[in-house]
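Just so it is clear, the structure is predicted and the values come from calculations on it, not from any experiment. Counting begins at 1 with the first residue of the sequence. Ligands are counted one by one from 1 in listed order, and the atoms in each one are counted from 1 as well.
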Amino acid sequence: MTNPIYSSLPTTIFEEMSGLAGALGAVNLGQGFPDDPGPEAIRAKAADAVLNGYNQYPRMAGAPELREAVAAHYGRAQGLDLDWQTEVTVTSGATEALASAFFGLLEPGDEVVVFQPFYDAYLPLIRRAGGVPRLVRLEPPHWRFDRAMLEAAFGPRTRFVVLNNPINPAGVVLPEADLALLAEFCVAHDAVAICDEVWEQVVFGDAVHRPLIGFPGMRERTVKIGSAGKMFGLTGWKVGWLCAAPELTHTLARAHQFLTFTTPPNLQSAVAWGLENSGDWFREMPQGLARSRDRLAEGLRREGFAVLASQGTYFLNVDLAASGIVEPDRDFALRAAREAGVASIPVSALYEQDPVTSILRLCFSKADATLDLGVERLARARELSRAAG
Ligand code: PMP
Ligand code: GLN
């Protein structure tokens, strides 16, 4: 009596691990969220908007002030020329933006190229929209794709590709050459790219995020998705957006109007204010996170763990096998939570076929003391794992 696309699914790994961490009082380096409350000035704007602002339905496509602020931000930060009136739609988080894109654009039988590991909402939404995922398997340590991998995945029925860049969980910011290669395939196959760029501002050091929509031939065939949750470290707010050429936007907005119709007006106006008054935020926020990344990486290395590079996102990956842990990632993650009091994300949960089972994702957007305690507990978990093995 139930639909197997959803009834056969486990609870998301993020909910499972945060649930375990809550129940056990474990340090939570699993689900990706900061443990500080987020920028106070933006929260103050939201509070003021709740008390003194407009609290009824905003416009379906989003508050004009936020749509304008999104277009202006991408003009400043990424050199894009979006028309806020015809090319920007506000959604309830990137997740609803993804759902609007899949439900609005896919037709039954369309093939959709998806890279794994993936953000776990992609496949159930694509299938519910009638799409057929064609998976490209990325693997550590570099998590890159090449021409042969794309040739194997793209075919005559390919209509879409879903790209997450910077990549969660890999922590990779794709170089220009890889994006140009993907753009070449999209143009050659007349495919639309659905680009989940929620991590676009969380990029460290010399790495540069380049939006696929800016590549030759992509301006009219890209749906660019962003989220205030990641831009401002306010993950619970669920304010996101879709940017696309007018024809795509028209259709996406029709899907969005029957999913959520709209997004809390007070949060929209606070995010608009944040984008217009960001000051040094987009320079300083990644610098602070890079310090946390380095603290976690150094602590782990001191304990003898093998750590992969992270150029962006809130995440650092540990190579379990190279760290002397023979257990598969999920078993180790459960042991670490239950027996050592530290929650993490086993990356195998983000594959559907032929999972990589030796990578553990850790979230470093946390206070120093939390990171240090996490390292101590992971070292303890490794001892317990060795003793058990
Ligand atoms: N895509 C990716 C790659 C993500 O990491 C996340 C959340 N961390 C989302 C989408 C969902 O974003 P939102 O919370 O704005 O729905
Ligand atoms: N994207 C977040 C992460 O990677 C989780 C979002 C969620 O829990 N749905 O941790």
Would you call Glu352-Arg127 a salt bridge at under 4.0 Å N-O?
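Counted as a salt bridge, because a side-chain N and a carboxylate O are separated by less than 4.0 Å.
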Quick check against the 3.5 Å criterion: does [X] have a side-chain atom that pairs as donor or acceptor with the backbone of [Y]?
X	Y	result
His142	Arg144	yes
Arg361	Pro169	no
Asp329	Ser348	yes
Arg221	Ala191	yes

Pi-cation contact, Tyr6 with Arg128 (under 6.0 Å, within 45°):
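Checked: cation-pi criterion not met.
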Heteroatom distance test (Ser227, ligand 1): nitrogen or oxygen, under 3.5 angstrom:
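There is such a contact, yes.
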Counting only nitrogen or oxygen atoms and a 3.5 angstrom limit, does Asp196 reach ligand 1?
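Yes, there is a polar N/O contact under 3.5 Å.
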At under 4.0 Å between heavy atoms, is it the side chain or the backbone of Thr95 that contacts ligand 1, or both, or neither?
both
Where does Ala94 meet ligand 1, judged by heavy-atom distances below 4.0 Å: at the side chain, the backbone, both, or neither?
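For Ala94, the contact with ligand 1 is made by both the backbone and the side chain.
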Go through ligand 1 atom by atom and flag the ones less than 4.0 Å from a non-hydrogen atom of [X].
X	answer
Gly93	15 (O), 16 (O)
Asn164	3 (C)
Trp199	3 (C), 4 (C), 5 (O), 8 (N)

Distance-only donor-acceptor check, side chains Glu327 and Ser385, under 3.5 Å
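Yes, a side-chain donor-acceptor pair sits under 3.5 Å.
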Taking side-chain hydrogen bond (donor to acceptor under 3.5 Å, both in side chains) as the test, write out the residues that go with Glu383, two or more places apart.
Arg380
Nearest neighbour in protein (non-hydrogen) for [atom]:
atom	value
atom 5 (O) of ligand 1	Asn168 ND2, 2.8 Å
atom 7 (C) of ligand 1	Lys230 NZ, 2.6 Å
atom 14 (O) of ligand 1	Lys238 NZ, 3.0 Å

Would you say the ring centroid of Phe115 lies under 6.0 angstrom from that of Phe145?
yes
Listed by chain and number, what are the ring-ring contact (aromatic ring centres under 6.0 Å, His included) partners of His209, not counting sequence neighbours?
none
Taking salt bridge (charged side-chain N to carboxylate O under 4.0 Å, His left out) as the definition, give me every residue that meets it alongside Lys224, ordered by chain and number, with sequence neighbours left out.
Glu197, Glu200
Distances only, to 0.1 Å: what are the N or O pairs between ligand 2 and the protein that fall under 3.5 Å?
residue	atom	partner	partner atom	Å
ligand 2	4 (O)	Asn168	ND2	2.9
ligand 2	4 (O)	Arg361	NH1	2.9
ligand 2	4 (O)	Arg361	NH2	3.4
ligand 2	8 (O)	Gln31	NE2	2.7
ligand 2	9 (N)	Tyr119	OH	3.3
ligand 2	10 (O)	Gly32	N	2.6
ligand 2	10 (O)	Arg361	NH2	2.8

